[in-house]
Amino acid sequence: MGDAQNDTGVPPWLEDSGPGDAPASDWTASLLEDLTEPQRRAVLHTEGPLLVLAAAGSGKTRVITRRIAYLVGCGVPAWSILAVTFTNKAAGEMRERVERLLGGAGSRSGRGLTVTTFHSLCARLLRRYAEQAGLRPDFSIYDSGDQSALVKKVIESLQLSTANFPARSVLSAISAAKNDLLDAKGYAARAIDFSGRTIAKIYAGYERALRGANAADFDDLLLLTARMLRENEAVAGELRQRWQYLLIDEYQDTNKAQFVIASGLAGKGRPDTRGPNICVVGDPDQAIYGWRGADITNILEFEQAYPGCEVITLGENFRSTAPILAVADKLIRHNARRKHKDLFTKRSGGQPVEAVLCRDERHEAKLVVDWLRSLRDASGTGDGVRAGHAWKDMAVFYRTNALSRVMEEAFREAGVPYTIARGTAFYEREEVKSATAYLRVIANQADDVSLGRIINTPARGISDATVARLESRAAETGVPMMSALRELADSPALAAPMGLTPRAAASVQRFVGLMNSWTGAGSFMGEQITGSLADLVDRAIKESGLEDMYRKQARQSQSETDAERLDNLAELVSSARQFEMEYDPAADAALDGSADGTPPLLAMLRAYLESIALVSDADTIDPALGSVTLMTLHAAKGLEFAGVAIVGLEEGLLPHARALSSGNPDDMEEERRLCFVGVTRAMRRLLLTSAKYRTIRGASERTTPSRFLAEMPQEHLAVRDLAGDDTQWDPGPEFEPDVAVARKKSEVAGMFPPGCLVRHPQFGVGTVKSLTGGAQARALIDFRDVGVKTLILEYARLTKLR
DNA sequence: CAACGACGCTCGAAA
DNA sequence: AGCGTCGTTG
């Protein structure tokens, strides 16, 4: 490509001894110790494209880290190596492991080595080359909530109904298009029916709104970077010049945008070599992000994309016991569209995999907790069996987040320490979301979505009607909301023609004054506010009145959650303080080029907000906490635990109902791979459970055990049926409902009048507070033990006592 | 203008 | 069971 440096041949640092003739120091030799032959070949392959097909548990991370260390050992500067992983957590661990390996090399250093995720990398590149990408460096990153707020506004502005075009499905269409590098114009060209053409219009409006708000959604991070690398040769050349060695992990889960980014960064390599130094690592059997646009052909056709590339297969499993591996192997063989691959281990022995059929989800949860406890209590007997496992070496996986709740209750009840891996959970709390919205508007005044969140939170006399008027004013003049607010604050005479009362105008003026006190009129006064990030966060929370608002609420309601909210706000301040301590402005500037006179505090604020936006679920896991990890099967990718329980192996759950109803065999195969990923996380013990009855949307439903259980080798499964037969579970005469199928409120009104005493098989005795609903009757019941619940009478097994 | 209750709809995985 | 919307009330 147009990279002049590439034509000059060997880069300067390789002139004396290229990696071709490896330095035979003790240290580099030690990097090859205890590796298998294929692992060693992967480490030693330094120049030209390389595809490593790494089966689950085949020592992939070990190979990657050794290979990076080896490159550095060969004289490749660490700053010219870029490694892309799937989560920040994985990136951090990889960097640490490489540094530990390099530490053994004395003076050698990993300084400047970049290990990051696709999304973080792209965010940084877009800040550095904002202008070339069509953004400004202070752009906001919009999460799903922000996206849906924005797209709803667009749908309304187009006079469409969110009933016909639900934000959710419109956004998933837009996301799919973006992952496929299709812009609104391209989408419109392909639209064939009314719905498609309308979505194309919404897409176009949504893009306009995003750019107007100086914001990028998650998909934009990839899309805009891919487009920039493709269209801007100067930028692409500069980056290729810097990163001569590229390594991408979990390559099977990359989408088209990521493919374009990877190949854009790799370039074509110098003509006299075997091609660019791009190494991709992955396993087609663990491809589980098809719904996010991941294209498995990226890895399957890597050889065609990079002719002459070396392919190394790592097949031997070092992680799991023989029975666990046998279960995984037999299961995944049911996928028809698959490159045949043998999973094997030299280990023998190991406990059989356990499968238990439970009565319901509560029973299941309790059983899982008991099982984990037994793993921990297992005593190290004399026969070489190791002693009990620590909580941190155990995990529970589930298909959907909804299942975490029952598990959580069971853990709490049993007093077993647990952590739910949900990285964004904290930042999704209402109070935290409001606080960060203030910060986001401070960093990016065009951020209309964040502004909309805080303009009247806490209540400051700016009503919805006022906001609507300001919004239409902004839309008319084509400026961000904040500009309209400023305009009004500067010329109060505008209030009357806009239809605003003087009181409303005064409220707006006060709000603008508040914002200005943090930012200066429109331009961030970082130069003056040289204080700390934590102080800024603290000030925003206090001076906005957010803290007072929750303090008042906490006093009034005396409720736990309101006190919690105050704690969370304090927690946010300390997270900012933590970030501040670990923040390295030099490293930040090196990657995003923000040393261009950006006020230091603003640069740090941007980096902080970015880190918040890009946390992943797996990032939450901290072995030091010493707790059992609860997470989705998707989040479990790349991890391993001594003991694993997978719950909810039922038709409709795993495989998920959507895969059942789509009729697309690819969907079913992805579900199977998901199950496979879960199974192969287990090192020593594995428990698979299903519940015969599961509460779905408030109603208990009969389930069928997952087909995946039947597909596993029964000789390696120890199956227990604890669900009993139907007569045991069916509600006996005592629980016979007074109303079998009562659909309408009018039909039950006389039967359960407010104040009457009832018994529920699960919740116990309670008093009916009120009856609601029309076509679907519901009762609000205050139960003595569990508090107030709303029950759908059609399903509730209620006995009237008095 | 804010707060709350009632009602009806939908319901997957995530950076 | 949770969420958004609508209508009523404070």
Side-chain angles (χ1 to χ4, degrees), chain A residues 85-89 117-123 141-145 147-149 152 162-163 166-169 172 175 179 216-222 253 255 257-258 288-294 397-403 405-406 421-425 427-428 456-467 501 503-504 507 553 556 610-619 631-637 648 652-662 667 670-671 673-674 677-678 695-699 745 769-778 780 789-792 795:
Chain A
T85 63
F86 210 70
T87 64
N88 301 309
K89 177 96 174 161
T117 66
F118 264 108
H119 285 87
S120 289
L121 173 70
C122 290
I141 298 173
Y142 275 6
D143 66 17
S144 315
Q147 282 180 284
S148 93
K152 272 178 199 158
T162 46
R168 222 187 129 82
S169 52
S172 85
S175 175
N179 287 329
D217 65 23
F218 285 123
D219 299 318
D220 280 338
L221 296 179
L222 304 179
D253 280 322
N255 61 28
Q258 288 164 321
I288 53 174
Y289 280 98
W291 53 273
R292 221 164 80 178
F397 304 152
Y398 33 79
R399 177 65 176 83
T400 68
N401 279 308
L403 296 198
R405 218 195 177 108
V406 208
R422 199 130 199 253
T424 51
Y427 300 102
E428 279 167 4
N456 201 33
T457 305
R460 49 170 71 91
I462 304 178
S463 72
D464 292 349
T466 305
V467 172
T501 61
R503 216 172 107 181
S507 298
Q553 279 181 25
Q556 271 176 19
E610 182 182 298
S611 75
I612 288 174
L614 300 181
V615 287
S616 59
D617 286 351
D619 296 347
M631 63 180 132
T632 64
L633 285 160
H634 282 91
K637 187 172 78 161
L653 213 45
L654 182 63
H656 193 271
R658 295 228 178 176
L660 295 175
S661 61
S662 83
D667 292 346
E670 184 154 310
E671 295 291 313
R673 289 194 293 269
L674 196 52
V677 165
T695 310
I696 301 166
R697 288 170 231 166
K745 182 184 168 185
K769 287 183 70 181
S770 68
L771 283 180
T772 64
Q776 193 180 44
R778 292 168 199 225
L780 210 64
K789 298 235 167 219
T790 303
L791 300 182
I792 297 170
Y795 311 115

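Small disclaimer: the values here were computed from a predicted structure and weren't measured.
Atoms CZ (A/Arg168) and P (C/dC3) sit 12 Å apart, rounded to a whole Å. Nucleotide B/dA15 holds its P atom 13 Å from the CG atom of A/Leu222, rounded to whole Å. The CG-P distance, from A/Asp667 to B/dA13, rounds to 16 Å in whole Å. Per the geometry, CZ belonging to A/Arg503 stands 8 Å off C1' belonging to B/dC1, to the nearest Å. For A/Gln258 and B/dA14, the CD to P distance is 16 Å, given to the nearest whole Å. The separation between A/Asp619 atom CG and B/dA14 atom P is 13 Å, rounded to whole Å. Summarising the geometry, the separation between CD1 on A/Ile462 and P on B/dA2 is reported as 9 Å, rounded to the nearest angstrom. Between the CE atom of A/Met631 and the C1' atom of B/dA14 there is a distance of 14 Å, given to the nearest Å.
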Practice item. Tell me, with the steps shown, if A/Thr466 and A/Ser463 meet side-chain hydrogen bond (donor to acceptor under 3.5 Å, both in side chains). Key: CA-CA 5 Å; A/Thr466 305; A/Ser463 72; 3.2 Å; yes
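The listed nucleotides are B/dA13, B/dA2, B/dA15; the one nearest the side chain of A/Asn401 is B/dA13. Which of B/dC11, B/dA15, B/dA2 sits closest to the side chain of A/Ala459 comes down to B/dA2. Checking B/dA13, B/dC1, B/dA2 against the side-chain heavy atoms of A/Ala465 singles out B/dC1 as nearest. Minimum atom distance to the side chain of A/Arg292 is reached by B/dA15, of the listed B/dC1, C/dG2, B/dA15. The side chain of A/Trp291 approaches B/dA14 more closely than any other nucleotide in the set B/dA15, B/dA14, B/dA2. Which of B/dA15, B/dC1, B/dA14 sits closest to the side chain of A/His634 comes down to B/dA14.
Counting only distance, with no hydrogens or angles, the side chain of A/Asn179 and the backbone of A/Asp219 share no donor-acceptor pair below 3.5 Å.
Between A/Thr632 and the phosphate of B/dA14, there is a side-chain N or O to OP1/OP2 separation shorter than 4.0 Å.
Both geometric conditions, a ring-centre gap below 5.5 Å and a plane tilt below 30°, are not fulfilled together for A/Tyr289 over the base of B/dA13.
Nearest heavy atoms, A/Ala659 versus A/Glu671: CB-CG, 3.5 Å.
Side-chain rings of A/His634 and A/Trp291 approach one another, their centers coming within less than 6.0 Å.
Place A/Arg460 and A/Arg658 on DNA chain B by their nearest nucleotides, and A/Arg460 ends up nearer the 5' end.
Using a 4.5 Å cut-off on side-chain heavy atoms (C-beta onward), A/Asn255 and A/Leu222 make contact.
Here A/Glu670 lies out of heavy-atom contact (under 4.0 Å) with every strand. Residue contacts shown for A/Asp143 are absent, as no nucleic acid heavy atom lies under 4.0 Å away. No contact: A/Thr87 has no heavy atom under 4.0 Å from any strand. Contacts of A/Asn456 with the nucleic acid, taken as non-hydrogen atoms under 4.0 Å apart, involve only primed sugar atoms and P, OP1 or OP2. If you check every strand for non-hydrogen atoms under 4.0 Å, A/Asp617 touches sugar and phosphate atoms only.
By the 30° and 60° cut-offs, the orientation of the rings of A/Tyr289 relative to A/Phe86 is tilted.
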